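Notes follow once the structure below has been shown.
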2 protein chains.
Amino acid sequence: MPRRAATAEKPMTRKRRDEVFDAAARVFAERGYHGASTQDIADLLGMRQASLYYYFHSKEAALEEVCARGTAGFIERAEAILKSDEDQGTKLHLLLAAQVMPMAEGADYVQTFLNERKWLPTESRRRIGRMSRRIEAIFERVIRDGIRAGEFRQEINPRLATLGLLGMMNSVAAWHDRESAGLEKIAEALSNLVIGGIRQPEGSNYGS
Amino acid sequence: MPRRAATAEKPMTRKRRDEVFDAAARVFAERGYHGASTQDIADLLGMRQASLYYYFHSKEAALEEVCARGTAGFIERAEAILKSDEDQGTKLHLLLAAQVMPMAEGADYVQTFLNERKWLPTESRRRIGRMSRRIEAIFERVIRDGIRAGEFRQEINPRLATLGLLGMMNSVAAWHDRESAGLEKIAEALSNLVIGGIRQPEGSNYGS
DNA sequence: ATTATTCTCTATAGAACTATAGAATGATTG
DNA sequence: CAATCATTCTATAGTTCTATAGAGAATAAT
């Protein structure tokens with residue numbers, strides 16, 4: 001009886017499997033997909049390089065799995081916020097926070113998804129890309145609704161605002177660990193920054 | 001007399017040298033430093049892989065040169081804006097635009113600097129990193145001054161705002177070419193977004 | 001205890017990549 | 001023309017990397 005393919009139902013315990021992908025995520029996040037070797041992953045596990053192929057059938061497949069785990073929950077949480085009956089300002093605030101908070105738990109997975117997904121082979125990149133576009137669509141929806149409701153300013157370009165906001169929030173993954181502030185505080189500060197704006201509104205200048 | 005080292009004064013014409021680094025920047029930007037081979041660069045030039053080593057003495061050195069070119073002018077322009085006697089709101093607006101506009105000309109250089117500098121060897125990474133920190137310091141200075149002057153809101157955290165704004169503006173490099181809007185329009189939209197805020201100020205709701 | 005199953009190991013094929021050495025080509029100048 | 005210098009070429013050493021094949025160890029099932 002032949003050994004089961006790595007892609008089929010997994011006889012290996014979830015625990016060990018998770019350790020392997022944790023290591024892969026770690027190494028991909030730290031060195032980048034192309035800069036990471038399967039040897040690096042094996043070293044982290046105290047395992048031989050070739051043994052990894054029991055858990056995935058190619059380095060690319062490992063990247064795909066890590067990226068997929070990196071997006072887990074994002075869409076669901078965003079959809080839930082979209083469907084909630086908060087006002088659009090609150091929804092946007094929640095969306096912004098939801099984009100940042102998962103960087104606490106699965107930091108390596110999220111960072112790999114953000115930075116390395118572009119190296120996936122065309123097919124899986126498309127599949128993963130669909131998730132990004134879904135997130136973008138939800139942001140854009142909330143912004144448009146907010147403008148329509150008179151809650152957000154008319155001049156805002158929903159598409160560019162979406163991409164800018166996501167760019168800002170996703171950049172957090174690259175620097176939050178070097179700052180003293182925790183993710184919660186960062187999410188709060190940035191959300192407040194963009195929703196309220198930097199400029200002091202006219203007439204409410206109680207300084208000087 | 002031995003051949004001159006690639007790092008010393010360059011006998012080669014500036015023109016050809018620029019073509020070589022343009023190709024390197026292109027390939028680094030497209031495939032990432034580790035994903036790019038010197039063969040890829042040579043292919044783009046219609047040249048043999050080994051011939052490249054007449055222009056640089058290692059792939060790492062090529063990356064360093066490309067990154068250095070990618071930062072050219074940034075500091076100078078930011079310093080000039082800081083020293084100008086505009087109000088802080090205008091300064092911030094100009095800084096934000098200055099962060100985005102160079103992505104038109106040297107797109108490949110800028111993108112390589114932003115995404116690949118982390119793979120530089122420690123020494124040159126430090127050197128390049130100093131430039132980033134200088135830009136950050138200028139942003140932070142303007143924000144603090146704006147708050148002190150009562151021009152910006154007191155609640156803003158200057159450090160986190162700086163990192164968030166730079167994250168947003170730098171993200172433009174990753175997506176502007178897929179959007180119909182030109183860089184000028186993007187810079188304007190994002191700057192207006194963060195300075196004025198998303199939310200419609202109370203009392204000026206002339207909709208509905 | 002024997003057998004089956006899961007996991008890890010050794011060994012290695014085969015490909016790709018960086019970098020060096022030195023010859024060949026082409027242009028420029030005396 | 002001859003000599004010099006700049007640029008590109010051929011050839012290749014030496015390393016690293018992915019992935020496969022199949023043996024062996026460990027664990028669980030009958």
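Each chain gets a letter, A, B and so on, in the order its sequence line appears, and its residues count up from 1. For clarity, every value in this text was computed on a predicted model and none was experimentally measured.
For C/dC7, the OP1/OP2 oxygens have a side-chain nitrogen or oxygen of A/Y54 closer than 4.0 Å. Proximity of A/T38 to the phosphate of D/dT18: a side-chain N or O atom is located under 4.0 Å from OP1 or OP2. The shortest distance between the side-chain N/O atoms of A/R16 and the OP1/OP2 oxygens of C/dT6 is not below 4.0 Å. Taking 4.0 angstrom as the limit, A/R48 places a side-chain polar atom (N or O) nearer than this to OP1 or OP2 of C/dT10.
Between the base of C/dA16 and the side chain of B/Q39 there is no donor-acceptor pair shorter than 3.5 Å.
Side-chain atoms of A/A50 lie closest to C/dA11 of the nucleotides C/dA11, D/dT8, D/dA11. Side-chain proximity of A/M47 to C/dT8, C/dA19, D/dT8: nearest is C/dT8. Of the candidates C/dT18, D/dT18, C/dA19, C/dA19 carries the atom nearest the B/S58 side chain, counting heavy atoms from C-beta on. Comparing D/dT18, C/dC7, C/dA19 by their closest approach to the side chain of B/K59 singles out C/dA19.
Remark: B/R26 CZ is loosely packed, at most 12 non-hydrogen atoms of other residues, nucleotides or ligands lying under 6.0 Å away.
Residue-to-nucleotide proximity on DNA chain D shows that, of B/S51 and A/Y33, the 5′-proximal contact is made by B/S51.
The distance from atom OH of A/Y55 to atom P of D/dA19 is 18 Å, rounded to the nearest whole Å. Between the OH atom of A/Y53 and the P atom of C/dA13 there is a distance of 17 Å, rounded to whole Å. A straight line from CD of B/E19 to P of D/dT7 spans 12 Å, rounded to a whole angstrom. As a whole-Å value, the separation of B/K15 NZ from D/dT7 P is 12 Å. Rounded to whole Å, atom P of C/dT10 lies 14 Å from atom CG of A/L52. When the P atom of D/dC17 is taken as reference, atom CG of A/L63 falls 17 Å away, rounded to whole Å.
Ion pair B/R134/B/E79 flagged as a salt bridge, since at least one NZ, NE, NH1 or NH2 atom sits closer than 4.0 Å to an Asp/Glu carboxylate oxygen. The pair B/E136-B/R159 meets the salt-bridge criterion, with a side-chain N (NZ, NE, NH1 or NH2) lying under 4.0 Å from an Asp/Glu carboxylate O.
The residue A/A36 sits close only to the backbone: its heavy atoms come under 4.0 Å of sugar-phosphate atoms, none of a base.
Side-chain atoms of A/Q39 and A/D43 include a donor-acceptor pair closer than 3.5 Å.
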Going through the checks in order, is the side chain to side chain donor-acceptor pair (under 3.5 Å) test met by A/D22 and A/Y109?
CA-CA 8 Å; A/D22 283 356; A/Y109 288 95; 2.5 Å; yes
